[in-house]
Novice: 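Pasting a structure here, questions to come.
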Amino acid sequence: MSAQDVTITLPDGATKTVAAGTTIADFVKTQIGPGLAKAALFATIDGAEVDLSRTLDRSAKLAIFTTKNPESLDLVRHDAAHIVASVVQRLFPGTQVTIGPTTDDGFYYDFARDTPFTPEDLERIEQAANEEIRADHPFVRKEVSKDEALALFERLGEKFKLEIIEDIFAKGATTLTLYSHGDWTDFCLGPHGPSTGRVGVIKLLSVAGAYWRGDHRNAQLQRIYGTAFFTQKDLDAWMTQQEEARKRDHRKLGKELDLFAFHPAAPGAVFWTANGTMIFTILAGAMRRLCLSNGYAEIKTPLLYNKMLWEKSGHWGKYRENMFLILDPEADDTLAVEDRASFSLKPMNCPSHHLFYEMKRRSYRELPLRLHTQDVLHRNEATGVLSGLTRVRQFQQDDAHIYLMESQITDEVKRLAAMIAKVYAAFGLEFTAKFATRPEQKIGDDALWDRAEAALRAALEETGLPYELKPGDGAFYGPKIDFDVADSIGRKWQLGTIQLDYVAPERFELGYIGPDNNEHRPVVIHRAIYGSFERFIGILIEHYAGNFPVWLAPEQVRILPVHDRHLAWAEEVQARLLAAGLRVDVDRSRSKLGAQIRDAQLAKIPYALVIGDKEVEAQGVSPRKHGTGKDADLGLQTLDAFLAVIQPEAEIPY
RNA sequence: GCCGAUGUAGCUCAGGGGUAGAGCAGCUGAUUCGUAAUCAGCAGGCCGGCGGUUCGAAACCGCCCAUCGGCUCCA
């Protein structure tokens, strides 16, 4: 080994010695093998991702990544974003480029162009992008100084890029890395694959407006969404999977299973059908029982309040845009709308609960005082954000406010974490916790926030739950822990929340008499477990793909008489199941059994009971279990045997 | 709120400047049938709303409403 040699350690521990300055590509070809050299996409040197064109200048650990490594998909999608940007600029001269990152499922690229891209434009771009892949242009890396970078993008007339370059150097960079393929150049951290040909296949998905730097006061850009895969087969598999996800869309299933509806006369407000209402009330009742057994009291408070309440709570200053205002008919109509408003529908329950709390003297012996409410809330959401059950204007939360002493925070947060875990487990929902700290728009001084954040975080640490930090994501009145759940196909939803609030007790001058006979200030915890019933039911529909467990199914059993002469026994069975507390219907259509079964299957009813001559003779039933294919028929059995199967499944698990 | 797309029967969807179509669902009749669709007939629509262009508009244009995909925001 000469002084100019370096020692390279491979992931399996093997070491190789080569001359310093050898490129990774050459190293792989000569020291490992031409097979891997051909398959390689990028590498890591001591864990840092690099291009294969980089040289080995010091002894280090080297790992080579190919299409077999999951990380590589993200790399080719980044390559794909560059390719799309290059063909867009070729096909649509004058279009400016901005940024083009990868996402979980693919990538997007934001363009500045006056005329929006049409679906036909997208097809042309996709075709040209895939031609660019076939042209197999190498990605060429080059480092330049700030002046060179500015000169280049100045000449290209890319004003958004110039802005980004200034930022990058302002943050302390000394050089900028350029990547070119064909005659097109962009800058980015890299790495990129060896050439465009390694991308496989690009599929463009949609075009949408997006604001420059995500700020709605900035220019609106045209965002092209796309994805890329190594092979057409992978892409097809992904497209099929997307298709499957669309089949369990709660809006589609809500119609098919007759759970809920919307009407243009009340945008963002749900019409719950009998089926949907059944699910809603089961969830509401289950939460009531859980709260009762955890020392909560349920209360009801008014929906409509004089604006003086909102001024006191701080909502008038921070939340008015989202509130439905009732205008005073006597008011001077030259005034601004908010000055004519006299009342508002409540967008949150907290101020109502604070009023309730302060209606009488409170003792430390009452604390923690846990107030639970499922009242209706209204928030005037922007038209563009409404979406099925997940984003509505009228909704109900499984809301509660807990008034307690600072010393009780840890125990209470632990109690809440246990309740949350129990509820989500009942649905088979996996969850993760996120700790969110003070946002820019906030009320209360920093000293108060310091205490609130420290207390909540300490309590969270004590629960032992793993959590992720979300700085600046707190509510305007306090820090919070949000609970994200993942549904059966891995999608994440934010549901439960625990929010600590030192500000409201100050504003509402809440107090309790302590053991020292002096008045003290309580702390408030805001908490919800389902979040909103509407969103939660939407998520459950998708999680179960409409196949509700017996305890949640609006119709648990459907009885299918084979012939009219079996109706008498069918009705007898129905009466006995109803008496056992089950939700049961009889199919009185005169269709053939096959059609009756099909209807019951499509309605996703957990059990269908076939009743024909055999069953009447034996005074029994033949249950058929939904969704179990060839094993669906459970065979002739007594009613008691069937009850023994279904009753445990009908029990609410929390 | 912003950008784009869409809106035809209860549902799913064809059609497209010259009298509005299908399947399923519904209703009526026949069929009484054993584990995912029995047959026939009937009925059903101001083609989202308002304006405009045109001899003629469901179709073309404008505005509005709603929905969908995103952005900002969020339970």
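Chain identifiers are assigned alphabetically (A, B, ...) following the order of the sequence lines, protein sequences preceding nucleic acid strands; residue numbering begins at 1 within each chain.
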Novice: Scan nucleotides 37-43 of chain B against the protein and return all N/O pairs shorter than 3.5 Å with their distances rounded to 0.1 Å.
Specialist:
from, atom 1, to, atom 2, distance (Å)
B:A37, N7, A:Arg598, NE, 2.9
B:A37, N7, A:Arg598, NH2, 3.3
B:A37, N6, A:Arg598, NH2, 2.5
B:A37, N1, A:Arg598, NH2, 3.4

Novice: Any carboxylate oxygen within less than 4.0 angstrom of a Lys/Arg side-chain nitrogen, looking at A:Arg246 and A:Glu243?
Specialist: yes
Novice: Quick one, which residues of residues 425-435 of chain A touch RNA chain B with a heavy atom under 4.0 Å?
Specialist: none
Novice: Considering only the P atoms, how many Å lie between B:U12 and B:G7, rounded to the nearest integer?
Specialist: 13 Å
Novice: Across the strands shown, which category fits A:Gly388 at heavy-atom distances under 4.0 angstrom: base, sugar-phosphate, nothing?
Specialist: sugar-phosphate
Novice: Need one value for A:Gln596: base, sugar-phosphate or nothing, where a base atom within 4.0 Å counts as base even if backbone is also close, heavy atoms only.
Specialist: nothing
Novice: Please enumerate all protein N or O atoms sitting under 3.5 Å from an N or O of nucleotides 4-13 of chain B, with distances to 0.1 Å.
Specialist:
from, atom 1, to, atom 2, distance (Å)
B:U12, OP1, A:Lys255, NZ, 3.4

Novice: Verify the stacking flag for A:Tyr225 against B:G70: centroid separation must be under 5.5 angstrom and the ring planes must differ by under 30 degrees.
Specialist: no
Novice: In whole Å, what separates the C1' atom of B:C65 from that of B:C39?
Specialist: 44 Å
Novice: Mind telling me whether A:Tyr530 and A:Phe536 have parallel, tilted or perpendicular rings, with 30° and 60° as the class edges?
Specialist: parallel
Novice: Just distance, no hydrogens or angles: give the donor-acceptor pairs under 3.5 Å from side chains in residues 254-272 of chain A, sequence neighbours left out.
Specialist:
from, atom 1, to, atom 2, distance (Å)
A:Glu256, OE2, A:Lys252, NZ, 3.1
A:His263, ND1, A:Ala265, N, 2.9

Novice: From the options A:Leu456, A:Asp501, A:Leu416, select the one residue that forms a side-chain contact (heavy atoms from CB on, under 4.5 Å) with A:Ile525.
Specialist: A:Leu416
Novice: Is the distance between the ring centroids of A:Phe107 and A:Tyr225 under 6.0 Å?
Specialist: no
Novice: Can you give me the closest heavy-atom contact between A:Arg77 and A:Asp104, atom names plus distance?
Specialist: NH1-O, 3.4 Å
Novice: Looking at residues at least two apart in the chain, or sitting in another chain, which of them share a side chain to side chain contact (heavy atoms under 4.5 Å, CB included) with A:Gln89?
Specialist: A:Val97, A:Glu158, A:Trp184
Novice: With sequence neighbours excluded, what pairs up with A:Ser352 under the side chain to side chain contact (heavy atoms under 4.5 Å, CB included) test?
Specialist: A:Thr301, A:Tyr305, A:Lys346
Novice: Take atom P in B:G45 and the same atom in B:U6, then report the distance between them in whole Å.
Specialist: 27 Å
Novice: Distance-only check: which donor-acceptor pairs under 3.5 Å involve side-chain atoms of residues 468-480 of chain A, not counting sequence neighbours?
Specialist:
from, atom 1, to, atom 2, distance (Å)
A:Tyr477, OH, A:Gln499, OE1, 2.4
A:Lys480, NZ, A:Asp482, OD2, 3.3

Novice: Tell me, please, which residues at least two apart from A:Glu126 pass side chain to side chain contact (heavy atoms under 4.5 Å, CB included).
Specialist: A:Asn130, A:Lys203, A:Leu204
Novice: Can you tell me, in whole Å, how much space there is between the P of B:C11 and that of B:G48?
Specialist: 13 Å
Novice: Rounded to whole Å, please give me the gap between CG in A:Leu205 and P in B:C3.
Specialist: 23 Å
Novice: Would you please name every residue forming a side chain to side chain contact (heavy atoms under 4.5 Å, CB included) with A:Arg217, sequence neighbours left out?
Specialist: A:Asp215
Novice: What would the secondary structure line of RNA chain B be in dot-bracket form, counting Watson-Crick and G-U wobble pairs under 3.5 Å, with [ ] for pairs that cross earlier ones and | for pairs with another strand?
Specialist: (((((((..((((....[..)))).(((((.......))))).....(((((..]....))))))))))))....
Novice: Taking B:A20 as the reference, what is the distance to B:U8 when you measure between their C1' atoms (whole Å, please)?
Specialist: 9 Å
Novice: Using a cut-off of 4.0 Å on non-hydrogen atoms, how would the nucleic acid contact of A:Arg535 be classed: base, sugar-phosphate, or nothing?
Specialist: base
Novice: Considering only the P atoms, how many Å lie between B:C73 and B:C60, rounded to the nearest integer?
Specialist: 37 Å
Novice: Tell me which residues in residues 613-624 of chain A lie within less than 4.0 Å of RNA chain B, going by non-hydrogen atoms.
Specialist: A:Asp613, A:Lys614, A:Glu615, A:Ser622, A:Arg624
Novice: Check whether the side chain of A:Tyr211 and the base of B:G70 form a donor-acceptor pair under 3.5 Å.
Specialist: no
Novice: Does A:His566 have any ring-ring contact (aromatic ring centres under 6.0 Å, His included) partners at least two apart in sequence or in another chain, and if so, which?
Specialist: A:His563
